[in-house]
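First the structure, in the form of structure tokens, and then the observations on it.
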Amino acid sequence: MPTAFIKPGRSKSLERRHPWVFSGAVARIEGAPAPGDTVKILSEQGKFLAQGAFSPSSQILLRVWTFDEGEEIDAAFFRRRLEEAFSLRRQLFPEKSEKSALRLVNAEADGLPGVVIDRYGEILVCQFSSAGGERWRGEIVRQLRELTGAPTVYERSDLEVRSKEGLPQRCGLLWGAEPPDLVEISEYGCRFLVDIRRGHKTGFYLDQRENRRLAGEFAVAAQVLNCFSYSGGFAVPALKGGAENVVNIDASADALELARRNILRNDLDDQRVTHLCGDVFALLRRFRDERRCFDLIILDPPKFAESRHQLPGACRGYKDINLLAFKLLKPEGTLFTFSCSGMLEPDLFQKIVADAALDAGRRALVIKHLRQDADHPAALNFPEGAYLKGLICRVR
Ligand code: SAH
């Protein structure tokens with residue numbers, strides 16, 4: 001097996017079981033591994049550290065499959081990892097119905113860096129984002145068919161990060177029957193149509209499941225402003241929870257059209273909903289100038305920081321929308337505010353929100369800290385995996 005030697009003083013993170021090895025930490029590689037091949041990772045003195053997949057064109061040169069020297073990376077390895085991941089979900093969501101949607105495999109957290117598998121009803125959707133995931137793609141699909149009997153396995157590897165791995169974007173059927181244009185899923189009694197082929201991520205933001213449910217509880221008789229609404233993930237539970245009305249804002253007309261269909265699908269009164277296609281930053285300013293106000297505001301923006309050098313700009317973006325939201329909230333109003341930028345640490349996010357409240361002249365309390373739902377776990381020694389953070393703030 002090809003072998004990578006880690007530079008002296010650079011093996012600490014591997015010893016602490018962090019699964020990434022950056023190219024700068026590698027002294028040399030013996031053998032000639034192809035992209036995705038398994039490489040033995042040793043300290044300079046030759047002590048075994050891990051086995052990982054080789055990504056020659058990425059800054060993350062090696063992604064660890066196992067810290068066990070005796071474990072072979074083969075079909076049986078992937079079967080064990082998949083079974084472990086499925087067993088966790090069975091325990092977490094024992095009542096899962098035929099129509100529910102779940103993340104079955106969450107990459108590093110489930111010991112499978114570069115591999116994400118989501119289930120929408122019976123249909124499985126995979127994303128392979130690294131050379132290692134790509135290398136084992138066929139085997140993983142074979143195991144998925146055997147373990148789940150899914151009638152459709154679809155691929156959504158249309159990810160920007162794949163270019164860093166030297167991989168092309170790719171979407172399409174991996175196995176079985178073509179999926180329908182829209183798949184219906186159910187989440188805490190809310191029905192959603194999901195576009196597996198063209199929707200964001202693998203079709204739906206599954207990580208917000210529990211937070212959407214909570215928003216429903218805060219929506220009783222509320223006038224709701226749902227910013228970055230996508231297909232109405234927060235709008236449907238808010239209306240079901242008794243919201244008086246909801247304003248959905250999104251830059252995508254397709255997303256808003258799906259939101260409209262989702263609202264009707266739940267037999268909710270679409271007269272209570274306004275859909276605004278446009279830029280949240282601009283529309284929040286317009287609402288401020290018009291002195292509009294709301295009882296409940298949801299800010300669920302896309303990832304503002306994709307890399308470390310984008311962090312300062314991202315922080316300004318978060319500050320801006322949170323400041324405007326605080327200005328638009330009625331006394332005793334509630335803000336659900338999120339960041340899914342993994343680079344932004346939770347403490348810094350909270351500081352930004354605190355500064356926004358201060359500048360808006362509002363007193364605010366944190367009622368609850370939020371995170372991604374439990375089917376998106378994060379390994380304790382991989383804090384980057386805890387990317388989604390949110391706060392429920394009550395203003396005075
Ligand atoms: N809350 C949603 C997920 C939001 S994803 C749910 O629970 O399903 C982020 C959304 O923001 C995307 O739909 C994207 O189209 C939209 N978006 C991105 N930038 C935007 C902007 N500047 N103004 C308005 N919408 C934007």
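Both counts, for ligands and for their atoms, begin at 1 and track the order of listing.
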Would you check the N or O atoms of [X], main chain and side chain alike, for any that come under 3.5 Å of an N or O of ligand 1?
X	answer
Tyr205	no
Ser252	no
Phe228	yes
Ala251	yes
Asp250	yes
Val280	yes

Indicate yes or no: does [X] engage [Y] in a salt bridge with an N to O separation below 4.0 Å.
X	Y	result
Arg28	Glu30	yes
Glu155	Arg197	no
Asp110	Arg89	yes

What's the shortest distance from [atom] to any protein heavy atom, and which residue and atom give it?
atom	answer
atom 24 (C) of ligand 1	Gly278 O, 3.1 Å
atom 18 (C) of ligand 1	Pro302 CG, 3.4 Å
atom 6 (C) of ligand 1	Arg212 NH1, 3.6 Å

Review point. Do other residues, nucleotides or ligands put more than 12 heavy atoms under 6.0 Å from Glu345 CD?
Key: no
**Study point:** Other residues, nucleotides, ligands: >12 heavy atoms within 6.0 Å of Arg80 CZ
**Key:** yes
Practice item. Measure the spacing between CZ of Phe218 and CZ of Arg394 and express it to the nearest 0.5 Å. Key: 7.5 Å
Donor-acceptor list for residues 124-132 side chains, cut-off 3.5 Å, not counting sequence neighbours:
| unit_1 | atom_1 | unit_2 | atom_2 | d |
| --- | --- | --- | --- | --- |
| Gln127 | NE2 | Arg156 | O | 3.3 |
| Ser130 | OG | Gly133 | N | 3.2 |

Practice item. Could I get the full list of side-chain contact (heavy atoms from CB on, under 4.5 Å) partners for Pro151, not counting sequence neighbours? Key: Glu122
What are the atoms of ligand 1, with element, lying closer than 4.0 Å to any heavy atom of [X]?
X	result
Phe234	1 (N), 7 (O)
His200	12 (C), 13 (O), 14 (C), 15 (O)
Ser229	2 (C)
Tyr230	2 (C), 3 (C), 4 (C), 8 (O), 13 (O)

Practice item. Look only at the side chain of Arg213 and the backbone of Glu187, and say whether a donor-acceptor pair between them is shorter than 3.5 Å. Key: no
Exercise for review: Measure from the side-chain N and O atoms of Lys389 to the backbone N and O of Ser341, and report whether any donor-acceptor pair falls under 3.5 Å.
Suggested key: yes
Review point. Quick one: does ligand 1 sit under 4.0 Å from the side chain of Cys227, the backbone, both or neither, non-hydrogen atoms only?
Key: neither
Practice item. Would you tell me which option among Asp279, Asp254, Asp300 has the nearest heavy-atom contact to atom 3 (C) of ligand 1? Key: Asp300
Review point. Does ligand 1 have any atom sitting under 4.0 Å from a heavy atom of Ser231?
Key: no
